[in-house]
Number of protein chains: 2
Amino acid sequence: MQQKKEIINKLRSSNLRPTKQRILIAKKLFDRKETFHFTAETLNKAVNKKGHARISLGTIYNTVEAFKRAGHIREILTNNSKSYYDTNIKSHHHFYDPSSKKLTDIDYHEVVLKKIPNPPKGKKIKDLELVISLQKK
Amino acid sequence: MQQKKEIINKLRSSNLRPTKQRILIAKKLFDRKETFHFTAETLNKAVNKKGHARISLGTIYNTVEAFKRAGHIREILTNNSKSYYDTNIKSHHHFYDPSSKKLTDIDYHEVVLKKIPNPPKGKKIKDLELVISLQKK
DNA sequence: TACTAGTTTAGAATAATTATAAACTAGCAA
DNA sequence: TTGCTAGTTTATAATTATTCTAAACTAGTA
Ligand SMILES: [Mn+2]
Ligand SMILES: [Mn+2]
Ligand SMILES: [Zn+2]
Ligand SMILES: [Zn+2]
């Protein structure tokens, strides 16, 4: 759970002015216990609930991109037409349920890779993501 | 390397009429030594080179979808805005180089998973894809 | 050869995202 | 405190990838 102060610091530390909109979006994203997996659309819905000042969709996109560049969120692999983002920025894996289009975290240590191939010449591994797609049993 | 006959059989066996367009696309896709990773756009370019009868982009999309449904190609995980497809339909993994946006196959046996988590209740694993993103060393 | 269901096509429609440019505001300085 | 300005937000237009539509075409069969 992140206080407003912390959120403002987080924004300042990444050279993002703590505007009303960014603070509200950051609260929605980071002021929660569990990891949040979202798209621009779901974030927009979450943020533009009754009782809040309305935030334009443009700002949703701008802010998601800014938070991503700043490393506060990461984009997840899917083969959906929409981009999916994750408030869990640690390297980790996912279950993907195509029927609900929902992602679930798998902790990095829940997966043990006994053997992986060497990266091609001149390249090193930046990240390693496993997606386990599910189906009805 | 697939002969025209084989290609026609492949189409027939999946209830796809072997039209001029489908045969040409299938040749481009399957009549080659290595795995082919492509998007609708790259396939369209490959197929609509000089010397060939022109195939509409609509047909490219229709055919890719039909081949995918028939199991002749599979869609790959990326976080690109375009859909990526693969002529390698065996379960396998990929290196992804964000700078070139190119995928490279990793044979299934090049990766050994020593431990994976149990799928949630009522679900089983349909597929398991690992993507290793690369960066300059 | 003629029929018909399936296919192709150009073009329109849709969906997600990005660009534009005018109005607004956070942070700083006079 | 006020004014300035660079950064930000917003509505709206533009772009990009993909899907839809419906008319023209054709593979397979009778
Ligand atoms: Mn994708
Ligand atoms: Mn994606
Ligand atoms: Zn996650
Ligand atoms: Zn592959």
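Order of the sequence lines fixes the chain letters, A, B, ..., with proteins taken first and strands second; residue numbering starts at 1 for each chain.
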Please tabulate, for side-chain N and O atoms in residues 58-67 of chain B, each donor-acceptor pair with protein atoms closer than 3.5 Å (sequence neighbours left out).
| residue | atom | partner | partner atom | Å |
| --- | --- | --- | --- | --- |
| Thr59(B) | OG1 | Ser56(B) | OG | 3.2 |
| Asn62(B) | ND2 | Gly58(B) | O | 3.4 |
| Thr63(B) | OG1 | Thr59(B) | O | 2.7 |

Just the table, please: protein N/O against nucleotides 10-13 of chain C N/O, every pair under 3.5 Å.
none

[atom1] of [X] versus [atom2] of [N]: gap in Å, rounded?
{"X": "Asn15(B)", "N": "dA5(C)", "atom1": "CG", "atom2": "C1'", "value": "13 Å"}
{"X": "Leu16(A)", "N": "dT25(C)", "atom1": "CG", "atom2": "P", "value": "19 Å"}
{"X": "Gln21(A)", "N": "dT25(C)", "atom1": "CD", "atom2": "P", "value": "8 Å"}
{"X": "Leu24(A)", "N": "dT25(C)", "atom1": "CG", "atom2": "P", "value": "15 Å"}
{"X": "Lys82(B)", "N": "dA15(C)", "atom1": "NZ", "atom2": "C1'", "value": "16 Å"}

*How do Glu41(A) and Ile60(B) order along DNA chain C: which one's closest nucleotide is nearer the 5' end?*
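So the residue in question is Ile60(B).
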*Tell me what Thr59(A) touches on the nucleic acid: a base, only sugar-phosphate, or nothing, going by heavy atoms under 4.0 Å.*
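The answer is base, as Thr59(A) lies within the cut-off (heavy atoms under 4.0 Å) of a base atom.
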Could you pull out every donor-acceptor pair under 3.5 Å between side chains of residues 14-23 of chain A and any protein atom, sequence neighbours left out?
| residue | atom | partner | partner atom | Å |
| --- | --- | --- | --- | --- |
| Ser14(A) | OG | Lys10(A) | O | 2.8 |
| Ser14(A) | OG | Leu11(A) | O | 3.3 |
| Ser14(A) | OG | His72(A) | NE2 | 2.8 |
| Thr19(A) | OG1 | Arg22(A) | N | 3.2 |
| Arg22(A) | NH1 | Arg17(A) | O | 3.1 |

*Pick the nucleotide of DNA chain D nearest each of Asn62(B) and Asn62(A); which residue has the one closer to the 5' end?*
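The answer here is Asn62(A).
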*5'-most contact on DNA chain D: Arg17(A) or Thr39(B), nearest heavy atom basis?*
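Per heavy-atom nearest nucleotide, the more 5' residue is Arg17(A).
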*asked:* Distance under 4.0 Å to a non-hydrogen atom of chain A counts as contact; along DNA chain D, which nucleotides mark the start and end?
replied: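 Listing 5' to 3', DNA chain D meets chain A from dA6(D) to dA11(D).
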*Exceeds 12 heavy-atom contacts within 6.0 angstrom, atom NZ of Lys102(A)*: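 No, because the 6.0 Å sphere around NZ of Lys102(A) holds 12 heavy atoms or fewer from other groups.
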*Would you name the heavy atoms of Ile76(B) and Leu103(B) that are closest together and state the gap between them?*
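That would be CD1-CD1, 3.7 Å.
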*Tyr61(A) side chain: which of dG27(C), dT8(C), dT18(C) is closest?*
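My answer, after comparing the listed nucleotides, is dT18(C).
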*Mind checking what makes ring pair (Phe, Tyr, Trp, His ring centres under 6.0 Å) contact with Tyr85(A), not counting sequence neighbours?*
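Listed in chain order: Phe38(A).
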*Please determine if Glu110(B) and Lys115(A) form a salt bridge, counting it only when a charged side-chain N lies under 4.0 Å from a carboxylate O.*
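Here Glu110(B) does not pair with Lys115(A) in a salt bridge, since their nearest N and O are not under 4.0 Å apart.
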*Does a salt bridge link Asp107(A) with Lys90(A), judged by any charged N lying under 4.0 Å from a carboxylate O?*
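The answer is no: the pair does not qualify as a salt bridge.
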_Same apolar cluster: Ile125(B) and Leu130(A), side chain cutoff 4.5 Å_ =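 Yes; tracing contacts between hydrophobic side chains, which count when under 4.5 Å, links both residues.
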*With sequence neighbours excluded, what pairs up with Ser99(B) under the side chain to side chain donor-acceptor pair (under 3.5 Å) test?*
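For Ser99(B) the side chain to side chain donor-acceptor pair (under 3.5 Å) partners, ignoring immediate neighbours, are Asp97(B).
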